[in-house]
Peer 1: 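For reference, the structure I am asking about is given below.
Chain letters run A, B, ... following the sequence lines, proteins first and then strands; every chain starts at 1. Atoms considered below: every heavy atom in the structure, side chains included; atoms not considered: hydrogens, waters and symmetry mates.
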Amino acid sequence: MTAPRLRFPPAPSGWLHVGGARTALYNWLAARGSGGAFVLRIEDTDAERSDAEAMRGMLDSLRWLGLHWDEGPDVGGPHGPYLQSERRPLHDAVVRRLLEAGRAYEAFETAEELEADRQRAQEEGRPPGYSGAHRDLTEEQRAAYRAEGREAVVRARTPDEGSIAFEDVVRGTVEVGWDQVSDFVLARADGSPTYYLANTVDDLAQGITLIARGEDLLNATPRQLLLADWLLDDTGGHSLLDEALAEAGLAARPDVARPTYAHLPIIVGEDRKKLGKRHGSVAVDEFREQGYLPEVMCNFLALLGWSYDDRTERFTVPELVERFSLERVGRNPALFDTDKLRALNGDRIKELDDAELADRLVPFLVGQGVLPDEPTDAQRALLEGFVPLVRERMQTLAEAVPLIAWAFAEDVALDERSVAKHLKGRAGEVLDRAAEVLATVEPWDAEALLAALDGLGEELGLGRGKVMQPVRVAVTGSHVSPPLPETLALLDREVVVARVRSARAHVVEPDAGA
RNA sequence: GGCCCCGUCAUCUAGUGGUCGAGGAUGCCAGCCUUUCAAGCUGGUCACGCCGGUUCGAAUCCGGUCGGGGCCGCCA
């Protein structure tokens, strides 16, 4: 028994989408969990929609998630090329043989004519599929169309009757009548292969054994199974695919079982419709930028359609590899719930140790201009000092920035609303005395600072809030910050005292000027 | 319109004839804690779409119905 081979075949148009990421993850997990191989194949057959930059972004997002591939662009492998456009000789050879075998035929309708047909069928309530009008054109008719300057597409001749049934890992038996499957295009007028052809040929040629993909492709399966039958039929000794592979000079097909399909439930947005780019934050990159951790993305994505039992929902990636199985994938559409993602992310952040969390925070602080590209040792130490204070106050890495940015700045900008709310009443008195007390308190640590502040409250007959808040605003610029005594202890005494003094001027005295 | 898929709390789900007066998590609400904001703790809110049938017994099986989604491209 040979090892399973799974793949992820994204089209390099646009960036990696959460739906695609989930598909990639499931295939990767199934491969890793079974000792199988994970293959990455870029499906760039549609020249108009492919671009190198989108592909780089795609690979980058996959790497960020930790979904490394055993075979694919960059790393190569025995069944390349892994850029579909470079497999064109194979596709051409297959199409030619299919034509010779009478499995496929040339059709000369133009895209405009077909569009008009579809339109009409729609209006008349008929099925909009291809009519099969050019199925049995004579040599003369074909020549005539060519003489008109028309270029043919190649269509597969699908069975006229009967049906096909297949076992889907997620959905069980699925049966479709052939009368529902119209003659589909294998090669475009310019000769390039379509998804149906290229995807099927390459999966077979690369020996893919298990295909997990979105439910939106469920209806494409009969066509691909039909093609697979044609390609792999070896009653003559050699299969059509073997011959095409040899002609194209590519490696022989691995000796593995035919692929099995697993159709995953689609991921929907708030409107219960298939999640698309128009529904907001759905690009994996965006979550990365917002400060979600890659291992949490994997955990969350895994839960979108899969569950382990009735109570466990947090998994490390190794645990996912260990426990994931396509058999436990559900059948109903899953809604992408950002709140849940945030909660999981927050939980994971709480588990990171100080140095680790500081490491992860640095890029965000640098990105916001809070820290220079190369933070100094002192800045790094200050950051690590803050980590324990902010850890429980953040659910994404980006949320830590406003909590501590002020500590790295020369001057604090006092938040207007905070000033209005807390630098009033007896705040002037509080700040005056606080500056004096803070200038002399010993030692300069959280415990002593808390005691000093409490002492001040007692002296002035004020509660903690009345003392803490003005000082908090003065030092941090905001009425929201990490715990005050611990925060002050991380800073230099001179800085704290100076800020408390300078904030004094912002206090609005009651009845001032009245 | 045709075909295919799906239907348990607001959301993700557990559940494969009795242990379910339906469990967990997120969200939401309340209380506790409290120097802000969080976090934490405790409690609460919320579901088997509907109608028949099978059965001693159904969320679990069958039929129908309603609802949602997907596909029907020279996109993938």
Peer 1: Tell me what A:Pro9 touches on the nucleic acid: a base, only sugar-phosphate, or nothing, going by heavy atoms under 4.0 Å.
Peer 2: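 The residue A:Pro9 makes no contact with any strand.
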Peer 1: Got a sec, which residues hit side-chain contact (heavy atoms from CB on, under 4.5 Å) with A:Glu416, two or more places apart in sequence or on another chain?
Peer 2: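 So A:Glu416 forms no side-chain contact (heavy atoms from CB on, under 4.5 Å) with any residue.
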Peer 1: Once you apply a heavy-atom cut-off of 4.0 Å, does A:Val185 come out as touching a base, just sugar-phosphate, or nothing?
Peer 2: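 Here A:Val185 touches the backbone only, sparing every base.
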Peer 1: Which nucleotide wins on minimum distance to the side chain of A:Ala189, given the candidates B:C74, B:A76, B:U36?
Peer 2: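 When the side chain of A:Ala189 is considered, B:C74 is the closest of B:C74, B:A76, B:U36.
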Peer 1: Which of the following nucleotides, B:C74, B:G2, B:A38, is nearest to the side chain of A:Arg155?
Peer 2: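 Taking heavy atoms from C-beta onward, the closest nucleotide is B:C74.
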Peer 1: Is it true that atom CD of A:Glu447 has more than 12 heavy atoms of other residues, nucleotides or ligands lying nearer than 6.0 Å?
Peer 2: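 Atom CD in A:Glu447 is not packed in, count stays at 12 or less.
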Peer 1: At under 4.0 Å between heavy atoms, what does A:Ala111 touch on the DNA or RNA strands: base, sugar-phosphate, or nothing?
Peer 2: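 Answer is base: heavy atoms of A:Ala111 come under 4.0 Å of a base.
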Peer 1: When you compare B:U11 with B:C50, how far apart are their P atoms, in angstrom units rounded to a whole number?
Peer 2: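 Roughly 15 Å separates the two P atoms.
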Peer 1: Look at the side chain of A:Arg393 against the base of B:C37 and say whether a donor-acceptor pair falls under 3.5 Å; ignore hydrogens and angles.
Peer 2: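 Looking at the base of B:C37, it does pair with a donor or acceptor on the side chain of A:Arg393 (distance under 3.5 Å).
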Peer 1: Looking at residues at least two apart in the chain, or sitting in another chain, which of them share a side-chain contact (heavy atoms from CB on, under 4.5 Å) with A:Ala358?
Peer 2: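 Partners of A:Ala358 by the side-chain contact (heavy atoms from CB on, under 4.5 Å) criterion, ordered by chain and then number, come out as A:Arg380, A:Leu383, A:Glu384, A:Val387.
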Peer 1: In whole angstrom, give me the gap between the P atoms of B:G73 and B:G15.
Peer 2: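 Looking at atom P only, B:G73 and B:G15 are 38 Å apart.
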Peer 1: Along nucleotides 11-23 of chain B, 5' to 3', which nucleotides get a B, which get an S, and which get a -, given that the test is a protein heavy-atom distance under 4.0 Å?
Peer 2: SBSSS-------B
Peer 1: Return the nearest nucleotide to the side chain of A:Glu43; candidates are B:A39, B:A76, B:U26.
Peer 2: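 Selected nucleotide: B:A76.
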